[in-house]
Amino acid sequence: MSLTFPAREEIARLSARMLLEIKAVDFNAETPFTYASGLKGPTYVDCRRIISFPRVRRTLMDFMAATVMRDAGFEAFDNVAGGETAGIPFAAMVAERLGLPMTYVRKKPKGYGRNARIEGAMTEGQRVLLVEDLTTDGGSKLSFVDAIRDTGATCAHTAVVFYYGIFPETTQRLADHGVSLHHLCTWWDVLAEAKAQAVFDAQTLAEVEIFLTDPRAWQAANA
């Protein structure tokens, strides 16, 4: 396998295009989506769909490996850990590209046997890359990072396919925890590509832009 290193802007544009093509992202201003938090919004993303599209998943994982090596270093890691559950297949594919061991982190101890949160072989002193499908505000990443660090390993980087890019506190929250975020595209990239392809009508795109500019105000007005 031979990786290439496209410009960040091209990676973002093509990643957004692929997510639109496989319908991993959707906009609906008339009937907003309900998120896990209970709040609503006109945007939806499901990165789990990626694994069912071989050409898309291969390209995106190539992009992720290239992004991590360019941003963090070519010899920066000893282990790649996936966050349960959506991060597991992506971690396996990135580990293969980087030629590294792969592990995964449970959301909570399994409650029997070793009662472990880390599955696979992770050892003290290893430099671990945490791989996930996406991040909204960075909160869920901190628990995974702490579980990795509890083994004596270090974790200073997390990589995701999709970063919302609309909550300014996200990168600071991760930075305060000693973690750098690497991503392929954001909602802004998806919106730009949706406009370029005229995937949605102008009214929907305009409403999505209002939401992305100030999501909390939009949610308050549409509660």
Side-chain angles (χ1 to χ4, degrees), residues 1-6 8 11 15 18 24 47-136 138-163 171 173-175 177-185:
M1 181 198 66
S2 178
L3 288 177
T4 58
F5 294 82
R8 299 177 199 280
I11 285 178
S15 297
M18 285 182 273
C47 287
R48 291 171 175 83
R49 287 182 63 83
I50 293 168
I51 61 176
S52 297
F53 298 86
R55 287 175 291 278
V56 168
R57 75 175 184 233
R58 181 172 61 246
T59 305
L60 289 174
M61 293 303 98
D62 285 350
F63 284 170
M64 184 175 284
T67 296
V68 165
M69 286 192 288
R70 177 165 53 198
D71 292 354
F74 288 78
E75 296 294 335
F77 303 106
D78 308 300
N79 196 310
V80 178
E84 183 189 19
T85 55
I88 293 173
F90 299 131
M93 289 182 274
V94 170
E96 186 68 19
R97 283 158 173 75
L98 299 182
L100 293 174
M102 180 260 177
T103 51
Y104 73 88
V105 191
R106 291 183 178 274
K107 294 175 182 175
K108 58 184 180 179
K110 58 186 178 182
Y112 58 89
R114 294 184 299 113
N115 204 35
R117 285 193 66 188
I118 306 296
E119 299 293 355
M122 183 182 293
T123 57
E124 184 175 355
Q126 283 192 320
R127 301 163 300 168
V128 180
L129 170 66
L130 173 64
V131 171
E132 279 261 77
D133 60 335
L134 60 84
T135 191
T136 305
S140 65
K141 305 292 173 287
L142 303 185
S143 174
F144 288 140
V145 168
D146 288 344
I148 291 168
R149 290 174 177 171
D150 285 346
T151 70
T154 64
C155 183
H157 297 270
T158 183
V160 298
V161 174
F162 192 82
Y163 165 45
T171 53
R173 174 179 291 168
L174 290 168
H177 213 67
V179 180
S180 297
L181 174 66
H182 310 280
H183 64 276
L184 302 185
C185 66

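- Residues Ile88 and Glu119 have side chains not in contact (no heavy-atom distance under 4.5 Å, counting atoms from C-beta outward).
- Counting heavy atoms from C-beta on, the side chains of Leu184 and Leu60 come closer than 4.5 Å.
- Between the side chain of Thr151 and the backbone N or O of Ile148, at least one donor-acceptor pair lies under 3.5 Å.
- Met69 is listed as a side-chain neighbour of Leu98, based on a closest heavy-atom distance under 4.5 Å.
- Remark: side-chain polar atoms of Asn79 are paired, donor with acceptor, to backbone N or O of Ala121 under 3.5 angstrom.
- Nearest heavy atom pair, residue Tyr163 against residue Thr136, reads CE1-O, 4.3 Å.
- For the pair Arg57 (side chain) and Ile51 (backbone), a donor-acceptor distance under 3.5 Å is present.
- One distance of note links OG1 of Thr85 with CD of Glu132; it measures 8.5 Å at 0.5 Å rounding.
- Looking only at distances, no side-chain donor or acceptor of Arg97 sits under 3.5 Å from a matching main-chain atom of Phe63.
- Atom CZ of Arg48 has 12 or fewer neighbouring heavy atoms from other residues, nucleotides or ligands inside a 6.0 Å radius.
- Test Leu100, Asp78, Thr103 against Gln126 for side-chain contact (heavy atoms from CB on, under 4.5 Å) and you get one pass: Asp78.
- Here the CG-OG distance, from Leu129 to Ser180, works out to 11.0 Å after rounding to the nearest 0.5 Å.
- Closest approach of Val128 and Ala153 over heavy atoms only: CG2-CB, 3.8 Å.
- Counting only heavy atoms from C-beta outward, the side chains of Thr158 and Thr135 never approach each other to under 4.5 Å.
- In this structure, the side chains of Val131 and Met102 stay at 4.5 Å or more apart for every pair of heavy atoms.
- Nearest heavy-atom pair across Leu3 and Ala66 is CD1-N, 4.2 Å.
- The existence of a salt bridge linking Asp146 and Arg117 is excluded, since no basic side-chain nitrogen approaches an acidic carboxylate oxygen closer than 4.0 Å.
- Summarising the geometry, atom NE2 belonging to His177 is positioned 12.5 Å from atom NZ belonging to Lys141; distances are rounded to the nearest 0.5 Å.
- Rounded to the nearest 0.5 angstrom, Thr67 OG1 and Phe5 CZ are separated by 9.0 Å.
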* Asked: Hey, mind stepping through His157 and Val68 against side-chain contact (heavy atoms from CB on, under 4.5 Å) and telling me if it holds?
  -> CA-CA 9 Å; His157 297 270; Val68 165; over 6 Å; no

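- Here the closest heavy-atom approach between residue Pro6 and residue Arg70 is recorded as O-NH1, 2.9 Å.
- Two residues are said to be in side-chain contact when any heavy atoms from C-beta on lie closer than 4.5 Å; Asp133 and Val161 fail this criterion.
- Of all heavy-atom pairs between Ala95 and Pro101, the closest is CB-O, 4.1 Å.
- Side-chain atoms of Arg149 come within 3.5 Å of backbone atoms of Cys155 as a donor-acceptor pair (strictly under, hydrogens ignored).
- Expressed to the nearest 0.5 Å, how far CZ of Arg106 lies from CD1 of Ile118 amounts to 10.5 Å.
- Going from atom CZ of Phe90 over to atom CG of Leu134 covers 9.0 Å, rounded to the nearest 0.5 Å.
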